[in-house]
Amino acid sequence: MDLIQQQFERAVGDKLVEWINSTEATAFSFSRRGDDAPDLIYSDGTKALGIEVVGAYYDKEDATLQWKGARQLADAPTAWSGINFDEALLKNIERRISEKCKKAYGPNCALLVAVRPGLTPMPDMRDLLAGLQLPEAVSFEAIYIAGEFPATTYAKSGYYAWQVWPR
């Protein structure tokens, strides 16, 4: 794993934990990176919370644009276009959750599906998540979808998070 990916995981993990602390009156803080999995370990006194991080994108080209851009590679694309991008993002989220739920990450571990949907504002994402299909067997204590969302004429930009498991 490269430094850019480690920085991404830590940044999105810290942001989610800040949200969890504000909504659940906890005081988790970063403890360390996980040895293998989960990616991050946070602690609140004697309580530990593991967070496994996975990204979800509109499609492969969107992921390429974001990761090559973050790494400032010379061949990084400068534009992206997609078809049915909201539905594609939801399907990618479902696929990433399903893949992660096939593995065991131990007790007190949450899954964070990090999104950076440049074309999907928060209200549209909230509506999409109402149709989210989760696998029958969920191996996490909680599953969160979170990210930075763009502004539109009907929505403010900003960070939003949803706990989608348990419902």
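When reading the values below, keep in mind they use all heavy atoms of this one structure, side chains included, and skip hydrogens, waters and symmetry mates.
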State which residues pass side-chain hydrogen bond (donor to acceptor under 3.5 Å, both in side chains) with [X]; sequence neighbours excluded, sorted by chain then number.
X	value
Arg116	none
Arg95	none
Thr26	Asn21
Asp75	Lys68

### Query
Which pairs pass side chain to side chain donor-acceptor pair (under 3.5 Å) with one or both residues in residues 128-139, sequence neighbours excluded?
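Applying side chain to side chain donor-acceptor pair (under 3.5 Å) to every pair that reaches into residues 128-139, excluding sequence neighbours, yields nothing.
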### Message
Strictly by salt bridge (charged side-chain N to carboxylate O under 4.0 Å, His left out), give each pair with a member in residues 12-26 just once, sequence neighbours left out.
### Response
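Every salt bridge (charged side-chain N to carboxylate O under 4.0 Å, His left out) pair that includes a residue of residues 12-26, provided the two are not neighbours, is Arg10-Asp14.
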Mind checking what makes side-chain contact (heavy atoms from CB on, under 4.5 Å) contact with [X], not counting sequence neighbours?
X	result
Glu141	Asn108
Pro123	Pro121, Arg126, Tyr154, Ala155
Ser98	Lys102
Ala56	Leu89, Asn92, Ile93, Arg96, Val113, Val115

Could you tell me if the side chain of [Y] sits less than 4.5 Å from the side chain of [X], heavy atoms only?
X	Y	value
Asp39	Ile51	no
Glu87	Leu90	no
Gln163	Ile20	no
Glu61	Leu65	no
Leu132	Glu94	yes

### Message
Run the ring-ring contact (aromatic ring centres under 6.0 Å, His included) test against Phe30 and tell me which residues pass, sequence neighbours left out.
### Response
Tyr42
### Task
To the nearest 0.5 angstrom, please state how far the CG atom of Asp44 sits from the CG atom of Leu49.
9.5 Å
Please find the pair of heavy atoms, one from [X] and one from [Y], that lie closest to each other, and give the distance.
X	Y	result
Cys101	Ile143	SG-CD1, 4.4 Å
Leu112	Ala146	CD1-CB, 3.9 Å
Ala161	Leu16	CB-CD1, 4.3 Å
Phe28	Ala48	CE2-C, 4.2 Å
Ser31	Ser43	CB-OG, 4.0 Å
Ser22	Trp19	OG-O, 2.9 Å

#### Entry: Full working for side-chain contact (heavy atoms from CB on, under 4.5 Å) between Arg167 and Leu134
CA-CA 11 Å; Arg167 295 182 185 207; Leu134 295 172; 3.4 Å; yes
### Message
Determine whether Asp2 and Gln6 satisfy the following criterion, side-chain contact (heavy atoms from CB on, under 4.5 Å), listing intermediate values before the conclusion.
### Response
CA-CA 6 Å; Asp2 66 30; Gln6 287 181 11; over 6 Å; no
### Task
Determine, using the 4.5 Å side-chain heavy-atom cutoff (strictly less than), whether Leu111 and Val164 are members of one ILVMFWY cluster.
yes
### Task
Run the ring-centre check on Phe149 versus Trp162 and record whether the distance is less than 6.0 Å.
yes
### Message
Regarding Lys103 and Glu52, does a basic nitrogen lie under 4.0 Å from an acidic carboxylate oxygen?
### Response
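Result for this pair is no, no salt bridge flagged.
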### Task
Evaluate the side-chain contact (heavy atoms from CB on, under 4.5 Å) criterion for residues Lys156 and Met122: first the C-alpha distance (whole Å), next the side-chain angles of each, then the deciding distance (0.1 Å), finally the verdict.
CA-CA 8 Å; Lys156 294 189 314 187; Met122 183 281 292; over 6 Å; no
### Task
May I have all residue pairs that pass ring-ring contact (aromatic ring centres under 6.0 Å, His included) and include part of residues 82-134, sequence neighbours excluded?
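Pairs touching residues 82-134 that pass the test: Tyr58-Phe85, Tyr105-Phe140.
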